[in-house]
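Report on one structure; see the data block that follows.
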There are 2 protein chains.
Amino acid sequence: MTPIYFKFESLIQEKQERIINAAIKEFVKSGYDKASTNEIVKEAGISKGSLFHYFNNKKDLYLYLLDHTLKVIENNIYTDINFKETDIFNRIGQIGRTKLQVMTTYPQIFDFLKSAAADDSPEVKPEFVEKQKQVLAQGFEKIYKNIDWSKFREGIDIEKSVNIINWTMLGYAEKEKEKLISYSEAGVGQLEEWDRYAEILKSCFYKIEGE
Amino acid sequence: MTPIYFKFESLIQEKQERIINAAIKEFVKSGYDKASTNEIVKEAGISKGSLFHYFNNKKDLYLYLLDHTLKVIENNIYTDINFKETDIFNRIGQIGRTKLQVMTTYPQIFDFLKSAAADDSPEVKPEFVEKQKQVLAQGFEKIYKNIDWSKFREGIDIEKSVNIINWTMLGYAEKEKEKLISYSEAGVGQLEEWDRYAEILKSCFYKIEGE
DNA sequence: CAGTTATTGACTAGTCTGGTCAATATATTA
DNA sequence: TAATATATTGACCAGACTAGTCAATAACTG
């Protein structure tokens with residue numbers, strides 16, 4: 001049984017990436033309904049006929065992107081997690097770095113997921129809701145698996161602390177991503193400053209060094 | 001000299017808000033170029049002719065929204081700042097509450113500014129860039145005016161600390177906004193939990209109470 | 001009442017849509 | 001080499017939707 005997207009996946013990878021990024025860009029910009037296949041082929045540098053040769057129609061293309069996106073995240077973010085790392089700051093730092101890494105290949109991949117979640121075209125809404133559960137739910141618990149919560153000070157609100165840590169990483173990573181886009185700066189993608197942020201927050205949330 | 005938008009501004013306020021919110025919603029969803037005036041009038045519950053009676057054309061409507069949005073922020077957020085409040089947590093908490101307040105009238109007003117910043121339709125790009133400078137630059141310094149930085153512990157990185165505070169407020173406010181939208185929950189818009197977050201971060205950033 | 005203004009929605013000319021398909025180019029096989 | 005199969009192209013289509021108009025109607029004003 002040849003898979004549905006056999007033709008597309010036989011293309012050389014560079015072309016696949018061009019098409020994926022062009023399509024993601026357009027879907028992010030315009031949403032499913034108003035996204036233009038003409039715009040996609042123009043941006044990807046292929047002909048109209050080719051696009052509909054690889055994917056039968058617009059909907060299939062969209063669903064492929066959804067699957068592909070979730071698979072990339074699954075294969076990179078979640079399987080790269082080092083479960084021997086029990087410190088939450090290191091864990092989150094490592095996930096953040098992997099995310100930025102993925103974004104060098106597919107710059108808008110996370111924006112695409114966000115926009116897909118917000119999209120409520122009846123054409124694709126049900127499919128998204130279905131797929132979303134499958135990955136995100138199990139991924140969510142992986143993120144916090146084997147974390148050593150005993151490092152936190154007595155009496156501190158751990159849930160709120162974790163929120164602060166996550167929002168800090170989100171905000172900081174967003175700032176770094178802008179750099180990545182505007183000038184593909186060397187050294188970016190390392191999230192070098194994260195350790196400084198982590199230090200500040202550790203001194204706040206963790207027990208004093210040595211009991 | 002009657003102002004350009006005289007006709008629109010003579011409408012009863014409830015109708016103005018309906019139209020503004022319908023238009024903002026559509027521009028956020030689709031961007032300037034692909035936003036449909038048909039969709040706007042349908043959502044606002046007015047006729048096509050009326051819309052073009054109030055505003056001459058799509059571009060004028062968009063520019064009005066931009067002006068209006070910036071004016072609302074100017075008149076509410078920035079002029080509501082209490083400059084006698086020197087504590088940064090209280091200052092940011094107060095600004096956050098005002099923001100949520102504004103969002104009960106114009107739910108997507110900040111999303112609109114964000115999407116306008118991202119929009120690069122040549123039709124409206126230059127006008128936006130111009131207006132943006134005017135308000136945001138001066139507003140930015142107002143936010144931090146008269147803040148008592150001496151409360152911060154010696155040796156702490158104040159810039160990073162302020163980033164953490166802002167990202168935490170942003171993340172928390174986002175969470176609260178979702179509640180505001182999904183179930184217009186009573187008590188929301190108070191950001192009650194902000195004080196708890198502030199306490200946690202204060203104990204981290206501020207000097208120990210009493211020298 | 002007359003005169004002014006607000007509101008309507010059918011209508012237009014034209015753009016853009018997703019998708020097709022016959023023609024062409026390239027790759028594979030014998 | 002010829003023959004077959006597959007990949008790629010872009011002109012083309014019917015139909016949806018576009019921003020904006022305008023003559024007709026309704027509502028208000030003095």
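Below, read A as the first sequence line, B as the second, and so on, with proteins coming before strands; counting in each chain starts at 1. Atom set for the values below is all heavy atoms of this structure, side chains included, hydrogens, waters and symmetry mates excluded.
Shortest non-hydrogen contact noted between A:F152 and A:S161 is CE2-CB, 3.8 Å.
For B:K42 and D:dA19, the NZ to P distance is 13 Å, given to the nearest whole Å. A straight line from NZ of A:K58 to C1' of D:dA16 spans 12 Å, rounded to a whole angstrom. What separates CG of B:D60 from P of D:dA19 is a distance of 14 Å, to the nearest Å. The nearest whole Å value for the distance from the CG atom in B:L61 to the C1' atom in D:dG20 is 13 Å. Computed from coordinates, the B:F55 CZ to D:dT21 P distance equals 15 Å when rounded to whole Å. In this structure, A:N57 atom CG and C:dT20 atom C1' are separated by 13 Å, rounded to whole Å. Per the geometry, CG belonging to A:N56 stands 13 Å off P belonging to D:dA7, to the nearest Å. A straight line from CZ of A:F52 to C1' of C:dT20 spans 10 Å, rounded to a whole angstrom.
Judged as a salt bridge (Lys or Arg N to Asp or Glu O under 4.0 Å), and not counting sequence neighbours, B:E141 has no contacts. Scanning for side chain to side chain donor-acceptor pair (under 3.5 Å) contacts around A:Y62 gives an empty result, with sequence neighbours left out.
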At a cut-off of 3.5 Å, list every protein nitrogen or oxygen paired with a nitrogen or oxygen from nucleotides 14-16 of chain C, distance to 0.1 Å.
none

Can you check nucleotides 24-30 of chain D for protein contacts, nitrogen or oxygen pairs under 3.5 Å, and list what you find?
none

Distances for protein N/O vs nucleotides 5-9 of chain C N/O pairs under 3.5 angstrom?
residue, atom, partner, partner atom, Å
C:dA6, OP2, B:H53, NE2, 3.3
C:dT7, OP1, B:K15, NZ, 3.1
C:dT7, OP2, B:Y54, OH, 2.6
C:dT8, OP2, B:S47, N, 3.1
C:dT8, OP2, B:S47, OG, 3.1
C:dT8, OP2, B:S50, OG, 2.9
C:dT8, O5', B:S47, OG, 3.4
C:dG9, O6, B:G49, N, 3.4

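At a cut-off of 3.5 Å, with distance as the only test, no side-chain donor of B:D60 or B:Y5 sits close to an acceptor on the other residue. No donor-acceptor contact under 3.5 angstrom links the side chains of A:N146 and A:T86, judged on distance only.
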request  = Determine, stepwise, if the pair A:T98 / A:N76 fulfils side chain to side chain donor-acceptor pair (under 3.5 Å).
outcome  = CA-CA 7 Å; A:T98 313; A:N76 288 274; over 6 Å; no
(request) Decide side chain to side chain donor-acceptor pair (under 3.5 Å) for A:Y197 and B:N163; before the verdict, give the C-alpha distance in whole Å, the side-chain angles of both, and the deciding distance to 0.1 Å. (result) CA-CA 10 Å; A:Y197 282 101; B:N163 281 341; 3.0 Å; yes
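Other residues, nucleotides and ligands contribute more than 12 heavy atoms inside 6.0 Å of the NZ atom of B:K58.
Interface residues of residues 22-34 of chain A facing DNA chain C, ordered by number: none; criterion, heavy-atom separation under 4.0 Å.
In this structure, the side chains of B:Y54 and B:L61 stay at 4.5 Å or more apart for every pair of heavy atoms. Side-chain contact check for A:K15 versus A:F8: every heavy-atom pair is 4.5 Å or farther apart.
Note on B:E127 versus B:K59: salt bridge recorded, some NZ/NE/NH1/NH2 to OD/OE distance being below 4.0 Å. Taking the charged nitrogens against the carboxylate oxygens, B:K160 and A:E193 do have a contact shorter than 4.0 Å, which makes a salt bridge.
Put simply, the residue from B:V102, B:L113, B:T79 that forms a side chain to side chain contact (heavy atoms under 4.5 Å, CB included) with B:I73 is B:L113.
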